[in-house]
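The sequence lines fix the lettering, A, B, ..., with proteins before strands; numbering per chain opens at 1. Fair warning: this is a prediction, and the values are worked out from it, not measured in the lab.
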Amino acid sequence: MIEWSQNQIRAFRKTLLDWYDAHGRDLPWRHDHAPYHVWVSEIMLQQTQVNTVIPYYDRFMAQFPTVNALADAPEAQLMKAWEGLGYYSRARNLQKAAKQIVYERDGQWPQTAEGLRELAGIGPYTAGAIASIAFNEPVPAVDGNAFRVFARLLEIDLDIAKPQTRPVFEQIIGRIMSPSRPGDFNQAVMDLGASYMAAKNPDSAHSPVKEFDQAYLDGVEGQYPVKSKKPRPVKVAYYGLVIRHGDQFLMQKRPSDGLLANFWTFPLIAEDDVLALSETPELVTDEERLTLLEQLVKQDFGLTVHVVPIGGKPVKHTFTHRQWVISLLSADLPANTDLSFFPGEWLSIEALQKIALPKVQAKLFTRIR
DNA sequence: AAAACGTGGGG
DNA sequence: TCCCCAAGTTT
């Protein structure tokens, strides 16, 4: 790792900000510095690419133009607006924070990074981003771009996946960043990280700060940033039950915590749970699986069903830490079935289109309608 | 500290 | 197909 003199730091600031003034991106949330606009965009942009966020941001602002509108919005409407964007706790925390601002803080925003950390869903990065962009506080906003950009510029070989690395970068960037234009400096670093100093296919040779890019100058930019690898997603096999009654489907609501919390889902039965009913799971034939599945549905839900495989490949869906493989089965339900013990509801096609569905359920829905 | 938490894009 | 990455936070 190298260190810069005060002269180098001043030169870097000017080079970066001049480039940003001339070539910074025109994005919907950059039309002003209203804290509400900065905040919503920053939450949406967490682990999510700019091009994905833009249409969501525009629709969101049309629907919830103020923090008051967001605080008072029906949760179902909020989740429908977030549908498909992922990391849904972001949306719930967003409304929680809106309520904090409106009802606990009399509509007043915390104006410092430290104060912003009190709001739900705002961590060290987002607090720095809002404080610097909306309130002009000279604090760094260390996201994946900042990690990558400064790791390359200064050849910092700390593992950016480790929690203890963040404060080191915050300290280094805090000393380098422009004290007079902190918001522009932080956004310029992000624009740089999204273009010339991208993670894949960087174009360091044409970067406006290539003279400051030690890893590039040494021909070792591919070595930065240092980042330890995450484990691969665990495969989980499910049977998905499509139980139709006229134009309605039997659906279940997922638990209020964990993956896809509170979303409606076609009933999913883990293959492992089915095989666990057998003394010799490794010997179970495909036909026997279906019989065991029917047993399990009877046992767990009190439903007597006859299941039939639906043609086509299983539906695959990969999350950060799980890969679901769902074999679809249709099940007929005798007309006089007692559903009083089944933890679910019948939802019509029209109802399914109105409520928020996560992508995996939307995939199932398109397969069977 | 490490794992959970969604989805889409690109090599 | 597989892997990594993308304006991270919470527990």
Could you tell me whether [X] contacts a base, only the sugar-phosphate backbone, or nothing, with contacts defined as non-hydrogen atoms closer than 4.0 Å?
X        : answer
A:Pro231 : nothing
A:Thr318 : base
A:Ala146 : nothing
A:Arg166 : nothing
A:Asn186 : nothing
A:Gly193 : nothing

Go through [options] for me and flag the one nearest to the [X] side chain.
X        : options              : result
A:Lys200 : B:dG9, B:dA4, B:dG6  : B:dG9
A:Pro358 : B:dA1, B:dT7, B:dG11 : B:dT7
A:Lys162 : C:dT1, B:dA2, C:dG8  : B:dA2
A:Lys316 : C:dA7, C:dT1, C:dT9  : C:dT1
A:Thr126 : C:dC5, C:dG8, B:dA1  : C:dG8

>> If you assign each of A:Arg30 and A:Leu119 to its closest nucleotide in DNA chain C, which residue comes earlier from the 5' end?
In response: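 By nearest-heavy-atom nucleotide position, the 5'-most residue is A:Arg30.
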> When the nearest nucleotide of DNA chain C is assigned to A:Pro233 and to A:Gln187 on a heavy-atom basis, which residue is associated with the more 5' position?
Replying inline: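 Counting from the 5' end, the first nearest nucleotide belongs to A:Pro233.
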Please state how far atom [atom1] in [X] lies from atom [atom2] in [N], giving the value in whole angstrom units.
X        : N     : atom1 : atom2 : result
A:Phe319 : C:dC4 : CZ    : C1'   : 19 Å
A:Gln46  : C:dC5 : CD    : C1'   : 16 Å
A:Trp39  : C:dG8 : CH2   : P     : 17 Å
A:Tyr87  : B:dA3 : OH    : C1'   : 11 Å
A:Arg232 : C:dC2 : CZ    : C1'   : 7 Å
A:Tyr88  : C:dT9 : OH    : C1'   : 17 Å
A:Lys235 : C:dC2 : NZ    : P     : 5 Å
A:Ile122 : C:dA7 : CD1   : P     : 19 Å

>> For a side-chain hydrogen bond (donor to acceptor under 3.5 Å, both in side chains) check, start with the C-alpha distance between A:Asn262 and A:Ser256, then their side-chain angles and the critical distance, and finish with the verdict.
In response: CA-CA 5 Å; A:Asn262 287 328; A:Ser256 58; 4.8 Å; no
> Between A:Tyr36 and A:Trp109, is the ring centre distance below 6.0 Å?
Replying inline: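 Centroid separation for A:Tyr36 and A:Trp109: 6.0 Å or greater.
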> Would a line drawn from the ring center of A:Phe147 to the ring center of A:Phe169 be shorter than 6.0 Å?
Replying inline: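 Close enough - the centres of the two rings lie under 6.0 Å apart.
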>> Quick check on side chain to side chain contact (heavy atoms under 4.5 Å, CB included): which of A:Ile133, A:Val40, A:Leu45 does A:Trp29 satisfy it with?
In response: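 Answer to the side chain to side chain contact (heavy atoms under 4.5 Å, CB included) test with A:Trp29 among A:Ile133, A:Val40, A:Leu45: A:Leu45.
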> Quick one: is C:dA6 close enough that its OP1 or OP2 comes under 4.0 Å of any side-chain N or O from A:Gln47?
Replying inline: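 Result: no.
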> So with a 6.0 Å cut-off around CD of A:Glu350, is the heavy-atom count from everything else above 12?
Replying inline: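 Yes.
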Under 3.5 Å donor-acceptor pair, [X] side-chain atoms to [N] base atoms:
X        : N     : value
A:Thr48  : B:dG6 : yes
A:Thr320 : B:dG6 : yes
A:Arg25  : C:dA7 : yes

>> Checking A:Asp247 against A:Ser348 for the side-chain hydrogen bond (donor to acceptor under 3.5 Å, both in side chains) test, could you report, in this order, the C-alpha distance in whole Å, the side-chain angles of both residues, the deciding distance, and whether it holds?
In response: CA-CA 6 Å; A:Asp247 73 332; A:Ser348 67; 5.2 Å; no
